[in-house]
Structures are given as structure tokens and as C-alpha cells.
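Report on one structure; see the data block that follows.
Residue numbers begin at 1 in each chain, while the letters A, B, ... track the order of the sequences. Just so it is clear, the model here is predicted, and its values are computed rather than measured. The basis for the numbers below is simple: all heavy atoms, side chains too, and nothing from hydrogens, waters or symmetry mates.
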Amino acid sequence: GAGVSQSPRYKVAKRGQDVALRCDPISGHVSLFWYQQALGQGPEFLTYFQNEAQLDKSGLPSDRFFAERPEGSVSTLKIQRTQQEDSAVYLCASSRAVAGGLRTYNEQFFGPGTRLTVL
Amino acid sequence: GQQVMQIPQYQHVQEGEDFTTYCNSSTTLSNIQWYKQRPGGHPVFLIQLVKSGEVKKQKRLTFQFGEAKKNSSLHITATQTTDVGTYFCAGPLNDYKLSFGAGTTVTVRA
């Protein structure tokens, strides 16, 4: 079956431009996560959706970052007025588990990521 | 908040040798997950450990969860070139949020 897909795979933006990154999760997966991964580091949590509800956006670095999942499937991460420090790989992951059970087998399936370079 | 720390950051291994990478938490974990990220790729789930002292094996990979549920290890025997990549452990911060370690990047000398 199809995995998580992300587009574009690579994005080069000039400082100050707005960008939109798309994530198509695995069909039927309730939970969707966005992560930021800097070079040589592990993924850092940005935000979490359960269906269309954004339950946690505590990891978003600033108010320039905005994420949505209006119909509970596809999600978009938007970054306004990009800065050089926004350069990173943005990973999307989905899970069939619903939050509420730490013992739940909540394997996350990651997409290939979007590598954002801000010049 | 809870953070998971991984050591070593880099592991250079001769093909055929064994090695172990470690994951330590400042707090007790309800479970721990391990992921592998190949160069240029994305993290892929390997395993989840839940029980104190749990040991799980996947072919040449052996995963262990400490008795106190504050540490975990991944041991690879007879390392192959296919083992190249970065291995991350991740512990839950709450019902859904994972805290990933910085990873152990493994390179293999043929």
C-alpha cells in the first residue's frame, strides 16, 4: 500500500518568501505529526493533529509557522516570511493510533520529508 | 521535560564486528521506540519496548529495555553494510508526543 507522501521533496526559498509543504498520510490514519529535523539531529516535534483537530502546536518555533488539516487527511505546513534558520528537513508522520493510550502500539510512519533551504 | 540521550553519537564499525548503542532517559519511560534512518532517507520504525527488562530480537538486532525503564540498548551482531544509518530512540512525553534522541550514526568499514 501507499506510504506517507510529501511534496515538494526539495524547496529553495529566498528569505522572506512564504512556503507551503504538503503531507498525504496513510489512508485511515487518525494521527498526523509534523517534525523538523536539523542536520545531525533527531526529529523535533512541531505539531500534532487528531483527525482535523490540531491538539498540540507547542513545537512550532514562531507564529510564522502554521499547520492545518481541514478534512482530517491531507495536511499543509505553511511558513511565512522564511528565515535562514528555518532551513531544515520537515518530516510528516502518521499513525493509526488515537492518543490516549501509552500502551497502544503507536508506530509512526514517516514520509520522505521536504528539504527546505532558505537563501 | 524528559529528554532521551544517546551514546555514542558516531559508531565506526568493522564489517563483521558487534556493537551496542545506548539510550538514557532522565525519567521513567512507559515505553521506548527505536527507528532507523538510512542516509538520505526518513526514519523507519524498528520496534517498541514496553515491559521492564524486555528483550526483543530482530535477526542480528537485539533490543533491551532496562529494569528501571530509564534506559535502552540496541546491540547489532556481525555488522553488515546494510546496517549503515542513524539509529534513533524515542520516548513518549505524553499520550502522543515523542522525544527523539540525537541518534547514533553508524558507518561500516568493509
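- Atom CD of E85(A) has more than 12 heavy atoms from other residues, nucleotides or ligands within 6.0 Å.
- In this structure, the portion of F33(A) lying under 4.5 Å from any heavy atom of chain B is its side chain and not its backbone.
- Residues Y96(B) and F45(A) have side chains in contact (heavy-atom distance under 4.5 Å, counting atoms from C-beta outward).
- Put simply, the side chain of P43(A) does not reach to within 4.5 Å of the side chain of Y35(B), judged on heavy atoms.
- The NE2 atom of H42(B) sits 11.5 Å away from the CD atom of Q37(A) when rounded to the nearest 0.5 Å.
- Grouping the Ile, Leu, Val, Met, Phe, Trp and Tyr side chains by contacts below 4.5 angstrom, directly or via other members, places L46(A) apart from L55(A).
- Taking hydrophobic clusters as Ile, Leu, Val, Met, Phe, Trp and Tyr residues chained together by side-chain heavy-atom distances below 4.5 Å, Y35(A) shares a cluster with Y48(A).
- Heavy atoms of Q37(B) lying under 4.5 Å from chain A belong exclusively to its side chain.
- Neither V44(B) nor L46(B) shares a network with the other; the hydrophobic side chains, linked directly or stepwise wherever heavy atoms of I, L, V, M, F, W or Y lie under 4.5 Å apart, form separate groups for each.
- From E44(A), atom CD reaches atom CG of L98(B) across 12.0 Å, with rounding to the nearest 0.5 Å.
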Side-chain donor-acceptor pairs of residues 110-119 of chain A under 3.5 Å, sequence neighbours excluded:
residue: T114(A); atom: OG1; partner: P8(A); partner atom: O; Å: 2.5

Got a list of side-chain donor-acceptor pairs under 3.5 Å for residues 103-110 of chain B, not counting sequence neighbours?
residue: T104(B); atom: OG1; partner: P8(B); partner atom: O; Å: 2.6
residue: T104(B); atom: OG1; partner: T21(B); partner atom: OG1; Å: 2.6
residue: T105(B); atom: OG1; partner: T86(B); partner atom: OG1; Å: 2.9
residue: T107(B); atom: OG1; partner: H12(B); partner atom: ND1; Å: 2.6
residue: R109(B); atom: NE; partner: Q14(B); partner atom: OE1; Å: 3.4

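- The CD atom of Q33(B) sits 8.0 Å away from atom CD of E107(A), with the distance rounded to the nearest 0.5 Å.
- Atom CG of D56(A) is separated from atom NZ of K97(B) by 4.0 Å, given to the nearest 0.5 angstrom.
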